[in-house]
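Chain A is the first sequence line, chain B the second, and so forth, proteins listed ahead of strands; every chain is numbered from 1. Computed from a predicted model, the values in this text were never measured in an experiment.
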Amino acid sequence: MSWRRWLAMGEVELSCLAYVKMYLHACLFPRCSVNGLLLSSSPAGGAVCVTDCVPLLHTHLPLAPITQLALTQVDVWCAQTQQRIVGYYQANACVSDSSPTPCALKIADKIAEQCNNAVLLMIDGGKMSPDYRVPPIVMYERKDTRWTLKDKHTIMLRQWEETRDIASQLLDSGDHSLLVDFDSHLDDITRDWTNQKLNAKIAELASPANGNV
Amino acid sequence: MSIDHVLMFRLTLYWNIKTVLFLLCPVWIIYEQVMIAALDCSRDDLAWTCLQELKRQFPGSQRVKRLAGMRLEALEKYEDASKQYDSILQDDPTNTAARKRKISILKAQGKSVEAIRELNEYLEQFVGDQEAWHELSELYINEHDYGKAAFCLEELMMTNPHNHLYCEQYAEVKYTQGGLENLELSRKYFAQALKLNNRNMRALFGLYMSASHIAASPKVNATVKKANVKYAAWATNQINRAYQVRYASSKRNEMDSTFQGDD
């Protein structure tokens, strides 16, 4: 049963598409730290609706050139597709430590300069399993120049069980290898870092469950 | 010759052939590789089976002991794994694999500072170990100690002057360090990486970005600015060409496969 409610100020909604792609990105490179950007196609102001994500890197996250290049390219693409960058996600290689690294804080700070209620999302590798009852994510928000833990009750992930099942299904069928991050795009520039094919597959799996992927 | 002698000769020949075949057969290497892959996929049942076969075949082998240690690491029994490696090192202090596994345990536990210290001590003795130098550069990058990461990459470039990846990584570290001098060095090493492999897209983008930053810097004179604008323009041209060529060829492949279906 789908339901709609207006998001209040300070709340963050994470769409099925964004969550599944982040999860698959972390699964595709289990030995590496991975990161990416969170996007929104909703207008600015009020609550944050994360509708999509762009997986960026799986090697040398702290190094500047490729990160700067990726941020510029995603910025341009967002302007063309009426989206905006509203956050940053990262999954650390070391599963026992899901705290934001200095490079995560730096990039999140940069995003917060352009977007008031930007979010920083850390994927908790230790809690990633197919039948985990709650999403394995920890969210931070910016308060007085510091990133503090966001109240769990202000984070919305509709149809969590269906979303979790879609992610497991894609993992089992091997379709997670369709995911292309910016690093993979630089290795072979014919691969599409906007992941249109994977987006379509996820939309297909999600359509009976979710009304608004 | 008596029949006994002929029989003995034939039996000896038979056993010799079997031994030679056995030694040539790579099945035990496959057991080792399957075991390591099973550990990667959290298939402890399969890893255990492979380990038992290897133990049976090579009792007392240090290499098999190391595999047993890796299995303990995969089960996060780090203290037991460490004891296993210590026992290997007691018998053979020059066993580099066991020493590197001990450093991997520190890395898995998130003890980067200790891992860096141990790896530095290891490299004082085994200065030619390129895998170790690369690992050390990665650890320094994660600690944001770019100066020391650059030093490790310099060691790698000295021993592998034709490896475009080391040049490109060194250039990225220099770019990250920042400052005009480092930017100029970064541009030179991106260019060197391109000279070694003109399809390295990271190096091409890196050349464009470093040249643009130098050209935009207020500290450079007009000649340097002009030269860097030229380099950036060249890089842009190459990037555009690369995208056009690759997209054209991928479209061609798509059409070929469609037409092959029609045949």
Side-chain angles (χ1 to χ4, degrees), chain A residues 27-35 56-74 76 90 92-107 125-126 128-130 171-172 174 180-194 197, chain B residues 40-42 76 78 104 106-112 115 137-138 140-146 149 165 168-178 182-183 186-187 190 199-210 212-213 239 241-254:
Chain A
C27 292
L28 198 53
F29 303 104
R31 295 188 202 182
C32 312
S33 294
V34 299
N35 69 4
L56 289 185
L57 308 177
H58 58 267
T59 55
H60 306 132
L61 272 57
L63 292 182
I66 307 302
T67 306
Q68 280 179 8
L69 173 69
L71 282 167
T72 313
Q73 294 226 359
V74 175
V76 168
Q90 184 167 305
N92 291 335
C94 189
V95 293
S96 54
D97 176 21
S98 65
S99 55
T101 57
C103 108
L105 295 171
K106 214 168 162 184
I107 300 176
M128 277 174 73
S129 79
L171 207 55
D172 290 337
V180 179
D181 67 1
F182 203 79
D183 252 342
S184 310
H185 168 75
L186 289 175
D187 290 334
D188 175 1
I189 55 174
T190 56
R191 299 188 74 193
D192 170 27
W193 56 262
T194 63
K197 273 195 186 145
Chain B
D40 249 346
C41 301
S42 302
E76 296 187 30
Y78 296 122
S104 303
L106 291 170
K107 195 178 164 193
Q109 292 174 311
K111 296 177 179 168
S112 307
S137 78
E138 302 272 335
Y140 277 131
I141 288 170
N142 286 331
E143 294 297 305
H144 304 276
D145 197 340
Y146 302 118
L165 295 170
E168 178 240 298
Q169 223 179 304
Y170 181 75
E172 286 191 41
V173 169
K174 283 291 158 193
Y175 183 104
T176 311
Q177 275 183 292
N182 284 325
L183 272 176
S186 129
R187 190 205 65 222
F190 277 129
R199 301 178 79 174
N200 186 329
M201 290 306 294
R202 284 183 182 80
L204 206 42
F205 276 113
L207 177 64
Y208 167 74
M209 288 165 70
S210 50
S212 304
H213 273 9
I239 292 167
R241 268 181 65 187
Y243 273 93
Q244 279 166 7
V245 166
R246 301 272 181 89
Y247 275 121
S249 78
S250 80
K251 265 267 162 303
R252 217 179 307 126
N253 288 340
E254 253 180 66

Relative to chain A, which segment of Gln177(B) carries a heavy atom at a distance below 4.5 Å: side chain, backbone, both, or neither? neither

Per-residue contact mode, Asn92(A) against chain B (heavy atom under 4.5 angstrom): neither

Residues Tyr146(B) and Pro62(A): closest non-hydrogen pair is OH-O, 3.3 Å

Nearest 0.5 angstrom please: Phe205(B) CZ to Thr72(A) OG1, how far? 10.0 Å

Distance from Arg199(B) atom CZ to Ile189(A) atom CD1, nearest 0.5 Å? 9.0 Å

Surrounding CZ of Phe182(A) (heavy atoms of other residues, nucleotides or ligands, distance under 6.0 Å), is the total greater than 12? yes

Shortest non-hydrogen contact between Cys94(A) and Ala108(B), atoms and distance: SG-O, 3.4 Å

Which distance, rounded to the nearest 0.5 Å, do you find between the CD of Glu143(B) and the OG1 of Thr101(A)? 10.5 Å

For Arg246(B), does its backbone N or O pair with a side-chain atom of Thr190(A) as donor and acceptor, under 3.5 Å? no

For Asn142(B), give me all partners under side chain to side chain donor-acceptor pair (under 3.5 Å), at least two apart in sequence or on another chain. none

Would you say the rings of His60(A) and Tyr170(B) are close, in the sense that their centroids are separated by under 6.0 Å? no

To the nearest 0.5 Å, atom CD of Gln109(B) lies from atom CG of Asp97(A) at 13.0 Å

Which atom pair, heavy atoms only, marks the closest approach of Pro102(A) to His144(B)? CB-NE2, 3.6 Å

For residues Arg202(B) and Asp187(A), report the shortest heavy-atom separation together with the two atoms involved. NH1-OD1, 2.9 Å

Side chain, backbone, both or neither of Tyr175(B) within contact of chain A (heavy atoms, under 4.5 Å): side chain

Interface moiety of Ala171(B) toward chain A, non-hydrogen atoms closer than 4.5 Å: neither

If you round to the nearest 0.5 Å, how far is CE of Met201(B) from CG of Leu69(A)? 9.0 Å

Sorted by chain and residue number, the side-chain contact (heavy atoms from CB on, under 4.5 Å) partners of Ala203(B) (sequence neighbours excluded) come out as Glu168(B), Phe190(B), Ala193(B), Leu194(B), Asn200(B)

